[in-house]
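Structure record follows, encoded as structure tokens.
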There are 2 protein chains.
Amino acid sequence: MQYHLGMADTQPLVAALDQAGYRLTETRRAVAELIAEREGHFTAADLVGEARDRRLGIGRATIFRALDLFADLNVLERLDLPTGEHAYVPCEPAHHHHVVCSRCGRTTEAQDHGLQVVVDDIARRTGFAIETHRLELYGICPACRATPAR
Amino acid sequence: MQYHLGMADTQPLVAALDQAGYRLTETRRAVAELIAEREGHFTAADLVGEARDRRLGIGRATIFRALDLFADLNVLERLDLPTGEHAYVPCEPAHHHHVVCSRCGRTTEAQDHGLQVVVDDIARRTGFAIETHRLELYGICPACRATPAR
DNA sequence: GCCTGTACCGAGACTGGATCTCAGCAAAAG
DNA sequence: CTTTTGCTGAGATCCAGTCTCGGTACAGGC
Ligand SMILES: [Zn+2]
Ligand SMILES: [Zn+2]
Ligand SMILES: [Zn+2]
Ligand SMILES: [Zn+2]
């Protein structure tokens, strides 16, 4: 089967599969392509629709399976948007947080320098033994700030 | 219609309705009761089940409508648990964050003293104009830490 | 290059959360 | 009390995500 796709950078995604010992199938490469082509965050439905439009013949369940897999490998992260939507963003495997543009949906990764102090402070005040945390930031990206609002 | 419910503190919930000019119906008072009785976070399905068990005759959609309403009024917050579940927690209207016990589900509110510095730092590094943020902390609460793990 | 075991795949049924519709009802105002 | 209209219950509907299962093709061994 041939998918005739473009040349967006699927390398990190495909490499993660390979490294973890998963099979590098045509279908997974195609999903990696669809992901790599995206600007900003996207939903599972977005990919399903895109695959259908291009007549790629990729099954619904397969796309969900691939998304789960990439998320498990930490090269894709699932965001819970304030709207309730579940969106995905490709990203680095290391711990980090996302800054999401509320106008165009593009995201950037951010290190949390200094956050540990805040977390420790909250742990002390509440008595909880904090195990993990999630920080999500919403705002307007540089590109959107430059345009005079849609 | 009479609901024969207990005496948990529904005051903040009901007051918020009143203050915002919504009707104080028996049904909404009943949902407020169900919410106020809860320990820790709960799902919409929890309330629907509870209402059905008690033969309160409250419709499914009505519970969802009430939850949305309370959330809009900022006296209830919707959490996106790491498991993907959508849970709710009653809370103060002011800006704050939640510390969630990953064993029993109880939550505590936390102020984010010092977080602003981190947010400003990220804004400077990324060039985003940050508008809002969400911080969720997961760990083990004092009560659960005291018990030798179930 | 060919064989083989098994991970993977597509189609479509299925589940369960959440929303919509609409006729009837009841809260609040006068 | 009467009127207005926001609110409600029942059930249809929608849709994201999962499951099943027969068939496929990847990767490793020869
Ligand atoms: Zn933008
Ligand atoms: Zn962090
Ligand atoms: Zn606990
Ligand atoms: Zn904050």
Side-chain angles (χ1 to χ4, degrees), chain A residues 1-3 13-34 41-73 76 78-88, chain B residues 1-3 13-34 41-73 76 78-88:
Chain A
M1 206 192 291
Q2 260 303 342
Y3 290 109
L13 294 166
V14 175
L17 284 178
D18 193 24
Q19 204 165 339
Y22 289 97
R23 291 189 182 172
L24 285 82
T25 66
E26 275 304 304
T27 309
R28 282 176 178 160
R29 288 177 196 279
V31 175
E33 262 288 337
L34 292 178
H41 53 64
F42 59 89
T43 64
D46 288 338
L47 292 199
V48 173
E50 187 72 28
R52 182 174 31 68
D53 290 348
R54 299 195 197 176
R55 323 269 160 179
L56 297 182
I58 305 176
R60 201 182 158 53
T62 302
I63 289 185
F64 279 95
R65 285 188 282 238
L67 289 173
D68 284 352
L69 188 50
F70 287 129
D72 283 349
L73 298 174
L76 191 66
R78 177 169 160 167
L79 300 178
D80 298 299
L81 300 184
T83 63
E85 272 188 321
H86 291 161
Y88 293 87
Chain B
M1 206 191 292
Q2 261 302 341
Y3 290 111
L13 293 167
V14 175
L17 283 179
D18 194 23
Q19 204 165 339
Y22 289 97
R23 290 189 182 172
L24 284 78
T25 66
E26 276 304 304
T27 309
R28 282 175 179 161
R29 288 178 196 278
V31 175
E33 262 289 337
L34 292 177
H41 53 64
F42 59 89
T43 63
D46 290 337
L47 292 198
V48 172
E50 188 71 30
R52 183 174 30 68
D53 291 349
R54 300 195 196 175
R55 324 268 162 179
L56 297 182
I58 305 176
R60 214 183 145 52
T62 302
I63 289 186
F64 279 95
R65 285 188 282 239
L67 289 173
D68 284 352
L69 189 49
F70 288 129
D72 282 349
L73 297 174
L76 190 67
R78 178 168 160 166
L79 300 179
D80 298 297
L81 301 184
T83 63
E85 270 188 323
H86 291 161
Y88 292 86

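Throughout, protein chains are lettered first and strands after them, A, B, ... in sequence-line order, and every chain is numbered starting at 1. Everything numeric in this text was worked out from a predicted model, so none of it was measured.
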Less than 3.5 Å apart, which donor and acceptor atoms pair up between the side chains of residues 41-48 of chain A and the rest of the protein, not counting sequence neighbours?
unit_1  : atom_1 : unit_2  : atom_2 : d
A:Thr43 : OG1    : A:Ala45 : N      : 3.4
A:Thr43 : OG1    : A:Asp46 : N      : 3.1
A:Thr43 : OG1    : A:Asp46 : OD1    : 3.3
A:Thr43 : OG1    : A:Asp46 : OD2    : 3.2
A:Asp46 : OD2    : A:Thr43 : N      : 2.8

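- The minimum heavy-atom distance linking A:Ala32 with A:Val14 is given by the pair CB-CG2, 4.2 Å.
- Atom CG in B:Asp80 sits about 17 Å away from atom P in D:dA16, given to the nearest Å.
- One atom, CG of B:Leu47, and another, C1' of D:dT8, lie 17 Å apart when rounded to the nearest Å.
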Would you mind writing out the side-chain donor-acceptor pairs for residues 80-88 of chain B within the sub-3.5 Å range, not counting sequence neighbours?
unit_1  : atom_1 : unit_2   : atom_2 : d
B:Asp80 : OD1    : B:His86  : NE2    : 3.4
B:Asp80 : OD2    : B:Arg134 : NH2    : 3.4
B:Thr83 : OG1    : B:Glu85  : N      : 3.3
B:His86 : ND1    : B:Arg78  : NH2    : 2.4
B:His86 : NE2    : A:His86  : NE2    : 3.4
B:His86 : NE2    : B:Arg78  : NH2    : 3.2

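- The distance between atom CD1 of A:Ile58 and atom P of D:dG17, rounded to the nearest whole Å, is 17 Å.
- Atom CG of A:Asp68 is separated from atom CD1 of A:Ile63 by 12.0 Å, given to the nearest 0.5 angstrom.
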_For a quick check, with a 4.0 angstrom heavy-atom cut-off, what is the B/S/- contact string for nucleotides 17-30 of chain C, read 5' to 3'?_
-BBBB----BBS--
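- Going from atom CD1 of A:Ile63 over to atom P of D:dA16 covers 13 Å, rounded to whole Å.
- Of the charged side-chain nitrogens involved, at least one lies within less than 4.0 Å of a carboxylate oxygen, so that A:Glu50 and A:Arg54 count as a salt-bridged pair.
- Among all heavy-atom pairs drawn from A:Phe70 and A:Val31, the shortest one is CE1-CG1, 4.3 Å.
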